[in-house]
Asker: 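There's a structure below that I have some questions on.
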Amino acid sequence: MKTREFITTINGTEIYAVVNNEGKTLVPVKPVCVALGVVPSTQIRHLKNAPLLSSVVALETTTGSDGKCYEMVCLPVEYIFGWLFSISPANVAESARAALVKYQKECYDVLFTHFYGKVRLIDEITQKEADLLARKKAASEDILTLKREIREIEQQLDSLSEERTNPQKSLFS
């Protein structure tokens, strides 16, 4: 049994996905195009020509905004956001352009944070590791210094003990 699932609102239009019989959540492309004011057939052609997206495009029967069932070109929900990122704002209706540009900026920010954040995290981990190794080296050197000091103290104690246990030499022997 297919179910509908609310995904988002684009330019005042609610976008729904269909969960097909295999449990995949698919988003019809046409309602998204209409909400953005782009020509659906042009976007569908772009999707079918895109190497990655063409491999995941599916035809699915879903309910249109008029309540009737239609076979529509759909993308899995996990691909919709990347596809929206690829749409040129110049091709979008003026009423949706600012929102699309804002969305695309957010995508850039998320990608930067994801990828550069990993680099920064690796740098932070490397720095922490270097600091810990320096502390370990310093602590090891402190241990060696303390062991030497302990040996010296033990030698001095042995010397004192020896002096105490040895009888004093006689002055007139």
Asker: How many angstroms lie between CD in E71 and CD in E60, if you round to the nearest 0.5 Å?
Answerer: 8.5 Å

Asker: Count I, L, V, M, F, W, Y as connected when their side-chain heavy atoms are under 4.5 Å apart, and connections chain through other members. Are L111 and I122 then in the same cluster?
Answerer: no

Asker: If hydrophobic residues (ILVMFWY) are linked whenever their side-chain heavy atoms come closer than 4.5 Å, directly or via other members, who joins V18 in its cluster?
Answerer: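 When side chains under 4.5 Å apart are linked, the cluster holding V18 also contains L26.
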
Asker: Give me each pair satisfying side-chain hydrogen bond (donor to acceptor under 3.5 Å, both in side chains) with a member in residues 148-161, each pair once, sequence neighbours excluded.
Answerer: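 Listed once each, the pairs would be none.
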
Asker: To the nearest 0.5 Å, what is the distance between NZ (K48) and OG (S55)?
Answerer: 14.0 Å

Asker: For atom CD of E78, is the number of surrounding heavy atoms from other residues, nucleotides or ligands below 6.0 Å larger than 12?
Answerer: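 More than 12 heavy atoms, drawn from other residues, nucleotides or ligands, come within 6.0 Å of this atom.
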
Asker: According to the ring-ring contact (aromatic ring centres under 6.0 Å, His included) rule, which pairs have a member within residues 113-151, sequence neighbours left out?
Answerer: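 For residues 113-151, and leaving out neighbouring residues, the ring-ring contact (aromatic ring centres under 6.0 Å, His included) pairs sorted by first residue read F112-Y116.
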
Asker: Please walk me through it: do M72 and V29 pass side-chain contact (heavy atoms from CB on, under 4.5 Å)?
Answerer: CA-CA 7 Å; M72 293 190 194; V29 171; over 6 Å; no

Asker: Which pairs, with at least one residue in residues 130-141 and sequence neighbours excluded, count as a side-chain hydrogen bond (donor to acceptor under 3.5 Å, both in side chains)?
Answerer: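 The answer is Q127-D131.
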
Asker: How far does CG of N20 sit from OG1 of T61, to the nearest 0.5 angstrom?
Answerer: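 The OG1 atom of T61 is 10.5 Å from CG of N20, to the nearest 0.5 Å.
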
Asker: For the pair T113 (side chain) and V110 (backbone), establish whether a donor and an acceptor sit closer than 3.5 Å, ignoring hydrogens and angles.
Answerer: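 Side chain of T113 to backbone of V110, a donor-acceptor pair under 3.5 Å: no, none is there.
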
Asker: Which residue pairs satisfy the salt bridge (charged side-chain N to carboxylate O under 4.0 Å, His left out) criterion with at least one member in residues 8-32, sequence neighbours excluded?
Answerer: none

Asker: Give me the atom names and distance for the closest heavy-atom approach of V38 to Q43.
Answerer: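 Nearest pair, atom of V38 first, then Q43: CG2-CG, 3.8 Å.
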
Asker: Grab the two heavy atoms, one from V32 and one from L84, that are nearest each other, plus how far apart they are.
Answerer: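 In terms of heavy atoms, the two residues are closest at CG1-CD2, 3.6 Å.
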
Asker: Roughly how far, to the nearest 0.5 Å, is CD1 of I143 from CD1 of I150?
Answerer: 10.0 Å

Asker: Does R45 have any side-chain hydrogen bond (donor to acceptor under 3.5 Å, both in side chains) partners at least two apart in sequence or in another chain, and if so, which?
Answerer: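 With neighbours one apart ignored, the set is empty.
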
Asker: Sorted by first residue and then second, give each ring-ring contact (aromatic ring centres under 6.0 Å, His included) pair with at least one member in residues 39-85; sequence neighbours left out.
Answerer: F85-Y108

Asker: Kindly give the cluster partners of V34, where membership spreads through any ILVMFWY side chain lying under 4.5 Å from a current member.
Answerer: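 V34 clusters with nothing; isolated.
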
Asker: In the structure I gave you, are the side-chain heavy atoms of P89 and V101 within less than 4.5 Å of one another anywhere?
Answerer: yes

Asker: To the nearest 0.5 angstrom, please state how far the CD1 atom of I80 sits from the CG atom of L75.
Answerer: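 Between I80 CD1 and L75 CG, I get 4.5 Å after rounding to 0.5 Å.
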
Asker: For residues I15 and T9, determine if any side-chain heavy atom of one lies less than 4.5 Å from a side-chain heavy atom of the other.
Answerer: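 A side-chain contact is absent here, since even the closest heavy-atom pair is not under 4.5 Å.
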
Asker: Please list, chain by chain and in numerical order, all residues satisfying salt bridge (charged side-chain N to carboxylate O under 4.0 Å, His left out) with K105, sequence neighbours excluded.
Answerer: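 Counting only residues at least two positions away or on another chain, K105 forms a salt bridge (charged side-chain N to carboxylate O under 4.0 Å, His left out) with D109.
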
Asker: Compare every heavy atom of C74 with every heavy atom of P28, then report the nearest pair and how far apart it is.
Answerer: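 Heavy atoms of P28 and C74 come nearest at CA-SG, 3.7 Å.
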
Asker: What distance separates K128 NZ from L133 CG, expressed to the nearest 0.5 Å?
Answerer: 14.5 Å

Asker: Which Ile, Leu, Val, Met, Phe, Trp or Tyr residues join L157 in one cluster when any pair of side-chain heavy atoms under 4.5 Å counts as a link?
Answerer: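 I153, listed by chain and number.
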
Asker: Determine which pairs satisfy ring-ring contact (aromatic ring centres under 6.0 Å, His included) with at least one residue from residues 7-34, sequence neighbours left out, and list them in order.
Answerer: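 Found F6-Y16.
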
Asker: Kindly work out whether a path of hydrophobic side-chain contacts (I/L/V/M/F/W/Y, heavy atoms less than 4.5 Å apart) joins V19 to V57.
Answerer: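 Each belongs to a different hydrophobic cluster.
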
Asker: Please list all pairs passing the side-chain hydrogen bond (donor to acceptor under 3.5 Å, both in side chains) test where one or both residues lie in residues 84-96, with sequence neighbours left out.
Answerer: N11-S95, E94-R97

